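Input: a single structure, listed below in structure tokens.
Please read all numbers here as calculations on a predicted model, not as lab measurements. Numbering of residues begins at 1 and proceeds along the displayed sequence.
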Amino acid sequence: QWPPPALVEPAQPVANEVKRPNLWLTDETAVGSEDIGRFLKLPRDDLLELLPEGPCGELARDLTLVPSRTRPVGLMLRKLAVELIMQLSELRDATNTKGEKRIRKAGFLLDGKRGVGKSQVLNMIAMWARRNDWLVVMEPVAGRYRTEIA
């Protein structure tokens, strides 16, 4: 029989099984070393809310390459980001000898060649800190800090 029924019948959408279901981070509140390499799924509105000054690095440019404005964005949890989140989680409730909240940490230095993920780690740490009610002061464009703020 011509045409075959498969050609004239409406196509039924076929849901493809996810090959790697453990790719997405399921519990954002407890990040550990087992989450390295997983992706944090964020709606674009959440991304704008968590990074109101704009993201560090090329993330803003990368987002313009994705045509959908409603599709969530996936950001990979790199090893350094997970390590910093774990260290900051321990420092969150640190106190001095008088019992006052105090973090005795001068800071962290992120170093590496272009494209290794330093800016992405900064974005992840800033989003994590804001979700945990920390005060975040961030300037995503270092050159603008030198010329406009300083």
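Of all non-hydrogen atoms in Lys41 and Pro72, the two that sit nearest each other are CG-CB, 3.6 Å. Taking each heavy atom of Leu77 and Leu25 in turn, the nearest pair found is CD1-CD2, 3.5 Å. Minimum interatomic distance between Gly32 and Val82 (heavy atoms only, all atoms of both residues): O-CG1, 3.4 Å. Taking each heavy atom of Pro140 and Pro55 in turn, the nearest pair found is CB-O, 3.4 Å.
Proximity of Arg38 to Leu23: side-chain heavy atoms (C-beta onward) are nowhere separated by under 4.5 Å. Contact check for Phe108 versus Leu88: side-chain heavy atoms found under the 4.5 Å cut-off. Leu50 has its side chain within reach of Arg131: a pair of non-hydrogen atoms, C-beta onward, lies under 4.5 Å apart. Side-chain contact between Leu84 and Leu110 is present, with heavy atoms from C-beta onward closer than 4.5 Å.
Linking Ile, Leu, Val, Met, Phe, Trp and Tyr whenever their side-chain heavy atoms come within less than 4.5 Å leaves Val116 and Ile36 in two separate clusters. Leu48 is not connected to Trp128 by any chain of hydrophobic side-chain contacts under 4.5 Å among Ile, Leu, Val, Met, Phe, Trp and Tyr, and they are in different clusters.
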Show the numbers, then the answer: is there a salt bridge (charged side-chain N to carboxylate O under 4.0 Å, His left out) between Glu53 and Arg130?
CA-CA 13 Å; Glu53 60 278 301; Arg130 286 195 171 117; 2.8 Å; yes
Would Leu42 and Met127 count as a side-chain contact (heavy atoms from CB on, under 4.5 Å) if you check the C-alpha gap in whole Å, the side-chain angles of each, and the deciding distance to 0.1 Å?
CA-CA 11 Å; Leu42 289 167; Met127 290 187 293; 3.6 Å; yes
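The structure places CG of Leu47 at 10.5 Å from CD of Glu49, a figure rounded to the nearest 0.5 Å. Remark: Ile125 CD1 to Met138 CE distance equals 11.5 Å, nearest 0.5 Å.
Judged purely by atom type and a 3.5 angstrom limit, Gln120 has no side-chain atom pairing as donor or acceptor with the backbone of Leu75. Put simply, the side chain of Asn123 gets close to the backbone of Cys56: a donor and an acceptor are under 3.5 Å apart. Counting only distance, with no hydrogens or angles, the side chain of Lys118 and the backbone of Asp111 share no donor-acceptor pair below 3.5 Å. Side chain of Asn132 to backbone of Ala129: no donor-acceptor contact under 3.5 angstrom is found. Using a distance-only test at 3.5 Å, with no hydrogens or angles considered, no donor-acceptor pair links the side chain of Lys79 to the main chain of Gly37.
Counted within 6.0 Å of CD on Glu34, heavy atoms from surrounding residues, nucleotides or ligands total more than 12; the atom is thus considered enclosed. In this structure, Arg71 places its CZ atom where only 12 or fewer heavy-atom neighbours from other residues, nucleotides or ligands lie under 6.0 Å away.
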